[in-house]
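This report concerns only the one structure given below.
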Protein chains: 2
Amino acid sequence: MSRGQQTKQRLLDSAQQLMYSRSYSDVGVQEICKDAKVQKGSFYHFFPSKSALTVEVLEQLKMQMIENILLPAFAKDLTPAKRFERFIEYAYQYQVQLKEEYGYVLGCPMGNIALEMSTQDETIRKKVELLFESIFEVFVDVLEDARAAGELENNSDINELAQAALAYGEGVLMLAKTRNDPELIKRLLPKVADLIGLKSTT
Amino acid sequence: MSRGQQTKQRLLDSAQQLMYSRSYSDVGVQEICKDAKVQKGSFYHFFPSKSALTVEVLEQLKMQMIENILLPAFAKDLTPAKRFERFIEYAYQYQVQLKEEYGYVLGCPMGNIALEMSTQDETIRKKVELLFESIFEVFVDVLEDARAAGELENNSDINELAQAALAYGEGVLMLAKTRNDPELIKRLLPKVADLIGLKSTT
DNA sequence: ATATTAGTTGACCGTTCGGTAAAGTCAACC
DNA sequence: GGTTGACTTTACCGAACGGTCAACTAATAT
């Protein structure tokens, strides 16, 4: 990785961490630069605006999420129901760790930005829309497996079920963040099985 | 209502509208004052800080939500299932209207603030927590009616079901806002019946 | 070796931020 | 009718905001 690439990467990493732990608006370009040990002029050498930086942060977030959470959790070594359970365990452990580190349950980084920025920055909104689409696709895939295996009691459209599961996951993370209590995830998220009609693993 | 009360009310109304249509951070006290036709000095006569104003805005929001949405939607003239349907219709119509007015689906005003501010302002987070509690209580009430009427197939703890329903509602509103598409509400929200195990109205 | 490009530095822009202070005006009560 | 306290007005504070610019240095390619 070239010198410039490294600088850019530090900016992306600092921005991702700071924005996730606080918010888009509360973190200024100045603070991102200070954290990344980069001068402000350099920031604007790599990014035309704070908004553009954020779009790249979101792209990086997507890749990390797919690689570190979605692929391992939904790997096909388990039954669809068990994959969801593994996903829930991942989400729970992660939020617990965040609470230890920051004192707060931070929730979903996409959801956070979506609600803060959707009415203010159209390119950010569109980008988050795409990130949700990535999760959606993974869910569709598991649900198809489940239906093929006869483990899906619900005969609704799989696209709708996937969207419902995504919405429910985001909602649970919102409540967990608002209550600052990661246990909500463990208590509530398993009910996604009822929502999509997954046969319980008895 | 006295002169001072009127001024304070204008500040609360302006802040509520502006923050809902954009965000907490993006709306300054200057802009709130201008919209309410109040001088900045007066603002700080009524509120010690922007944060304190926001807490009062949230209180007002709660009262409006209960009176204008929760009470009429969940009135006991219908079966529990039908009450939920009426609630969904209310939510849908409201977001359609907002999109016409502002060009954007604005989602849930509590959820928006919760995700933006929970890690930054503890008193705001606590207040939103209370607002969620208000909705939660209404849900518990309907669910008890449903169980008493034998219309609840799910025999889980009602508190958990109510929280799950709340989470799902918030999640759907988040997706609707991110996609800027109110139709998602109509398509997804009825699945709350599956989530909580409400017998379908056949 | 030199010219070109990529990246860095630090000072600077106008504007807005949340919040303060002090003087002035209004209405109500004695 | 004068006093009191609620409310309003206006000017102001230091700090931070997103963004720009021109000069400088480092790496690369010919």
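Any value given below was found using the heavy atoms of this structure, including those in side chains, with hydrogens, waters and symmetry copies removed.
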Can you establish whether the number of heavy atoms outside B:Glu101 located under 6.0 Å from its atom CD is more than 12?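 Correct, the count exceeds 12.
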Without decimals, in angstroms, what is the distance between [X] [atom1] and [N] [atom2]?
X	N	atom1	atom2	answer
A:Lys50	D:dA16	NZ	C1'	11 Å
B:Gln120	C:dC17	CD	C1'	14 Å
A:Lys34	C:dT8	NZ	P	19 Å
B:Gln39	D:dA6	CD	C1'	17 Å
A:Asp26	C:dT16	CG	P	20 Å
A:Gln6	D:dA26	CD	C1'	14 Å
A:Tyr44	D:dT20	OH	C1'	9 Å
B:Lys37	D:dT9	NZ	C1'	17 Å

Hey, does A:Phe43 reach any base, or is it just sugar-phosphate, or nothing, if we go heavy atoms under 4.0 Å?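 It contacts nothing in the nucleic acid.
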Just to be sure I understand the rule, does B:Gly28 reach a base, reach only the sugar-phosphate, or reach nothing, if contact means heavy atoms closer than 4.0 Å?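 Sugar-phosphate, backbone atoms only, no base.
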Is the NZ or CZ atom of A:Lys99 positioned over A:Tyr94's six-membered ring, under 6.0 angstrom from the centre and within 45° of the axis?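 No, cation not above the ring by the 6.0 Å, 45° rule.
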In plain terms, say whether A:Lys186 and A:Asp181 are close enough for a salt bridge, that is, a side-chain N and a carboxylate O under 4.0 Å apart.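 A salt bridge is absent here (no side-chain N lies under 4.0 Å from a carboxylate O).
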Between the side chains of B:Asp77 and B:Arg86, is the shortest nitrogen-to-carboxylate-oxygen separation below 4.0 Å, so that they form an ion pair?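 Looking at B:Arg86 and B:Asp77, the cut-off is met.
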Nearest of [options] to any side-chain atom of [X]?
X	options	answer
A:Ser49	D:dC7, C:dT8, D:dG19	D:dG19
B:Ser42	C:dG18, D:dT8, C:dG7	D:dT8
B:Gln30	C:dT8, D:dG19, C:dT16	C:dT16
A:His45	D:dG19, C:dT8, D:dA6	C:dT8

If you assign A:Pro48 and A:Glu31 each to the DNA chain D nucleotide with the nearest heavy atom, which residue ends up on the more 5' nucleotide?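 That would be A:Glu31.
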Can you work out whether B:Lys40 or B:Gln5 has the more 5'-proximal nearest nucleotide on DNA chain D?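 Of the two residues, B:Gln5 wins.
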For the ring pair A:Tyr102 and A:Tyr20, is the centre-to-centre distance below 6.0 Å?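 When the ring centroids of A:Tyr102 and A:Tyr20 are compared, they turn out to be at least 6.0 Å apart.
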Looking at B:Thr7, I'd like to know whether one of its side-chain N or O atoms comes within less than 4.0 Å of OP1 or OP2 on D:dC7.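 So the side chain of B:Thr7 is outside the cut-off, no N or O lying under 4.0 Å from OP1 or OP2 of D:dC7.
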